[in-house]
Amino acid sequence: MCERAFPNHLITKSTYNQIHIPMIEFRMPSLGADMEDGTLREWKVKPGDMVHRGDIIADVETMKGIIEIEVFDEGIVEQLLIKEDEKVPVGTVMALIAPSKAEVGVKTPAPEAKAPELHPIEEKMPAAAVSVPAHEGIRASPLAKRIAAENHLDLATVHGTGEGGAITREDVEKAIAERDIKLPPRAPVAAPPAVATDSIRMAVAAAMSKSNREIPHYYLDIAIDMSKALAWLAEANRQRPVQKRLLPVVLLIKAVARSLQEFPDLNALWDNGLQRKKDINIGFVVSLRTGGLVVPAIHHADKKTLDEIMEALNDLIPRARALKLRSSELSESTITLTNLGDGGADSVFGVIYPPQVAIVGFGGITEQPFAENGMLGVRPVLRATLAGDHRATDGLTGSRFLATLKKHLQQPETL
Amino acid sequence: MTEAELKTVIFQLLKQIAPDTEPSTLQSGDNIRDTLGIDSFDALQFLVALDEKLGIEIPEQDYGKTGTLEQLVAYVQSKMS
């Protein structure tokens, strides 16, 4: 869906251990093709802190919410260059990290040493998405304020145990826990607040506008007889408890993944040329009832069994609707799949999510007259479409891909 | 379980699955999925919740018998009796 733009620049600091040690530059990451900048909401570290692989070192707010950024290296925070609440462009150096002595001892310091790989790991609701009275004069850390806001907790009701009576994260979490004991259990699935969905709407608008500006689309479609696939699915589900039943879309996801193995040019990104991707991570469009959509990735869909794909959907869809996705799920898709489902339009021609080069669309499965081998019958028919980036592939490739997809769906037992 | 109690349970389960809908506004003849705008994934989650709450498992071939609120209530009551 997007790439990470982390230029691996390193600088050296001669005072560190009296030798030239390459300093690691922690930069504002790119979390999507539509992201141009981000606002640092909170540093989770301070100069002198040791950071380890996987540590969250900052909260960054984007159009898609507040994202926790993880660092995949070890070292000591040397300097924080950006202040909290400062908005900076993608790629801006935000902090300097000195590699740990242990690492330096093992690794030979060299100019080509790589900067840390940064992984945003969790997206949360933006603080602005909820309304809680602000109380001037109440001392609380930014993180405590944010957690309180996200949980609709009035800070005036919280006793601060920090320095000078300041309210800490622990104080807020304790207050929330005590309050929730008294409240009835909440519904398991949370609806995203209106402000968050407005933000999502803007993110979709930005990405789709960029797509239409930059990507020369071509469109193809094919009619697929789903008789065999649905019969196979009905038999499979007959033997399963309701908790283990499969939806037809599971077959579609797997069939797309299998077909992409044969057409790697469609499982790719376009960035100054075609960049094929080894992993097949299918971005699955999840519509929000309040408007907008999010597209979490089903990683390694070609290697997953049908049951594993269903489990992935059971995990992803509720979190997507509650806007509780990890950023790796939002940023690592290599192609998009949109499925309208039953009761809607017969076909959908998608808009490619840049820098991807293709989007596969499925309409509803409807009974239609269908001719085959000189015979006319009524069959459950699915219209599959492909929108392709004409810079990356031609219609012939797309056509062969759809024919292969059709072939796989005639052999559901092999998926 | 009375019809009113059963409807209350159904509304609660639907609300859990689709919290931004108002299941209690459903009329007897309303198609549940169409009226609330829930998709096949949500519909399956509802069936799972119904099974866990009431021990009523609706096989796929009976989906067509449970489209409206009225049909669903009648179907579940027949299975519970």
Side-chain angles (χ1 to χ4, degrees), chain A residues 184-194 196-197 230-250 252-253 284-293 309-310 312-323 338-344 362 364-365, chain B residues 6-26 29-69 71-73 75-76 78-80:
Chain A
R186 288 178 290 182
V189 181
T197 53
L230 293 184
W232 181 89
L233 195 64
E235 183 57 32
N237 281 340
R238 192 170 292 127
Q239 300 168 15
R240 294 161 179 262
V242 65
Q243 289 84 354
K244 296 288 185 182
R245 284 182 199 162
L246 304 174
L247 292 169
V249 72
V250 169
L252 305 182
I253 293 168
F284 184 74
V285 176
V286 177
S287 295
L288 306 176
R289 290 187 198 83
T290 48
L293 51 86
I309 291 174
M310 189 67 211
L313 293 179
N314 286 335
D315 172 44
L316 284 174
I317 293 176
R319 286 196 292 115
R321 290 199 167 129
L323 299 181
T338 181
N339 178 52
L340 292 183
D342 299 334
F362 293 105
I365 300 173
Chain B
L6 179 54
K7 281 185 178 176
T8 300
V9 170
I10 290 171
F11 293 157
Q12 286 174 344
L13 297 179
L14 286 169
K15 187 73 176 174
Q16 283 180 13
I17 301 301
D20 38 13
T21 64
E22 289 301 333
S24 58
T25 62
L26 279 170
D30 286 345
N31 181 286
I32 297 173
R33 283 185 56 180
D34 292 347
T35 305
L36 298 182
I38 61 178
D39 60 18
S40 56
F41 177 80
D42 287 336
L44 181 56
Q45 299 309 303
F46 171 69
L47 295 182
V48 170
L50 197 65
D51 177 44
E52 290 172 351
K53 181 80 175 178
L54 301 177
I56 303 294
E57 184 165 320
I58 302 176
E60 252 189 359
Q61 60 265 30
D62 286 352
Y63 283 0
K65 301 174 184 174
T66 61
T68 67
L69 179 61
Q71 288 175 326
L72 177 62
V73 168
Y75 184 92
V76 173
S78 72
K79 293 287 182 181
M80 292 178 79

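Letters A, B, ... mirror the listed sequences (proteins, then strands); counts begin at 1.
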*Would you name the heavy atoms of B:Glu60 and A:Leu246 that are closest together and state the gap between them?*
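Distance-wise, the nearest heavy atoms are OE2-O, 4.3 Å.
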*How far apart are the closest heavy atoms of B:Val48 and A:Val242, and which atoms are they?*
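Heavy atoms of B:Val48 and A:Val242 come nearest at CG2-O, 3.8 Å.
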*asked:* For A:Asn314, give me all partners under side-chain hydrogen bond (donor to acceptor under 3.5 Å, both in side chains), at least two apart in sequence or on another chain.
replied: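 Counting only residues at least two positions away or on another chain, A:Asn314 forms a side-chain hydrogen bond (donor to acceptor under 3.5 Å, both in side chains) with B:Gln45.
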*asked:* Test of understanding: with side-chain hydrogen bond (donor to acceptor under 3.5 Å, both in side chains), list the residues that count as partners of A:Gln243, not counting sequence neighbours.
replied: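 With neighbours one apart ignored, the set is B:Asp51.
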*Side chain, backbone, both or neither: which part of B:Leu50 has a heavy atom under 4.5 Å from chain A?*
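Looking at B:Leu50, nothing touches chain A.
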*Taking every heavy-atom pair that is under 4.5 Å apart, which of B:Asp34, B:Asp39, B:Asp42 has the most such pairs with chain A?*
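Sorted descending by pairs with chain A, the first entry is B:Asp42.
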Starting at [atom1] of [X], measure out to [atom2] of [Y] and round the result to the nearest 0.5 Å.
| X | Y | atom1 | atom2 | answer |
| --- | --- | --- | --- | --- |
| B:Ser40 | A:Ile365 | OG | CD1 | 9.5 Å |
| B:Phe41 | A:Leu316 | CZ | CG | 9.0 Å |
| A:Leu313 | B:Leu44 | CG | CG | 10.5 Å |
| B:Leu47 | A:Arg245 | CG | CZ | 6.5 Å |

